[in-house]
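Reviewing the structure listed below.
Each ligand, and each atom within it, is numbered from 1 in the order the structure gives. For the single chain, residues carry numbers from 1 onward in sequence order. Values reported hereafter were calculated over all heavy atoms of this structure, with side chains retained and with hydrogens, waters and symmetry mates removed.
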Amino acid sequence: MAKKASRSRDVRRVYLMTDLEGCAGVDDWDPRHADYVNTARYVYERAEMQRLLTAEVNACVEGCVDAGVDEVIVNDAHGAGRTILIEELHPKALLFRGKMRPYWLIGLDRCDAIFHVGMHAISDTTAGTLSHTMSKSVKHYRINGRPVSEFDISILIAGHHGIPAPFFSGERLACEQVKTLAPATVTVETKEGFSEQCAIHRMPSVVCAEIRERSAHAVDEVRKGKHAPVAWKGPFTLEIEMREPSYRPEDAGPGKTFNHSRSMSWRAADLVSVFNYAVYGKRPKAR
Ligand SMILES: [Zn+2]
């Protein structure tokens with residue numbers, strides 16, 4: 001059940017959703033699938049990305065702690081499930097990570113606000129560095145006909161739980177895009193994208209200082225009632241459109257429709273149920 005959307009609230013526990021591609025200093029894909037994966041170049045590149053993300057995550061945790069937050073549940077959500085350097089994380093953080101994640105946002109419903117760090121733009125944003133939605137093989141996720149980014153989905157799921165999304169850092173176009181869904185969001189730009197694999201970066205030290213300061217500010221703003229949860233009305237249809245043929249007519253079933261070889265749609269009364277059905281194959285319980 002969605003909690004009532006009261007605006008002013010205390011913030012004791014923050015959920016920190018993270019990704020790699022939106023961090024300052026990152027302008028190439030995670031090399032974990034590259035053909036040079038067993039080389040020194042791979043080790044160097046991956047370790048650099050891990051340090052860059054971990055520093056931005058720590059800056060956000062520090063800002064929350066500065067503002068009196070007790071605990072930050074960090075979701076190591078980038079596809080590898082093991083990108084953040086746990087030994088370097090702030091002691092007030094808890095880290096959710098691993099490969100066989102039963103649900104995307106484990107622990108979210110225990111928190112008072114969701115923050116985002118390392119965010120990239122929605123798929124097919126030409127100038128957005130490393131833009132994609134969930135996977136490079138996906139063209140679009142659409143909820144009730146509207147294309148949604150990864151952060152749109154997490155913000156809307158948080159909204160389902162009555163939780164606001166007051167803070168966001170990432171590539172410049174991602175910062176612009178989040179404001180179309182949640183205009184009050186406090187943003188920190190990490191870089192300005194020009195194509196899939198290039199950007200003008202701000203320096204990590206500058207970005208981290210700003211993330212720390214603006215995260216603390218975002219916590220204060222939630223306490224002052226400046227951030228309402230973003231929740232859409234159900235029922236929900238989630239369409240996944242792939243770039244290549246991926247579906248067959250026989251994949252259709254109760255609450256799921258075969259549109260064409262690259263597109264399927266799933267239906268459910270609420271957003272968490274439709275997401276779990278489409279992404280994890282968990283069929284919603286009949287009402
Ligand atoms: Zn991503």
Atom nearest to the Zn ion (ligand 1) - D19, N, O or S atoms considered: OD2
Which single N/O/S atom of E150 lies at minimum distance from the Zn ion (ligand 1)? OE1
Cut-off 3.5 Å, side chains only: do R142 and S265 have a donor facing an acceptor? no
Do the side-chain N and O atoms of E221 and H227 include a donor-acceptor pair separated by under 3.5 angstrom? yes
In terms of side-chain heavy atoms, does E239 have a donor or acceptor partner in H140 at a distance below 3.5 Å? no
Does H120 bring an N, O or S atom to within less than 2.8 Å of the Zn ion (ligand 1)? yes
Do N276 and Y103 get their side chains close enough for a donor-acceptor pair, meaning under 3.5 Å? no
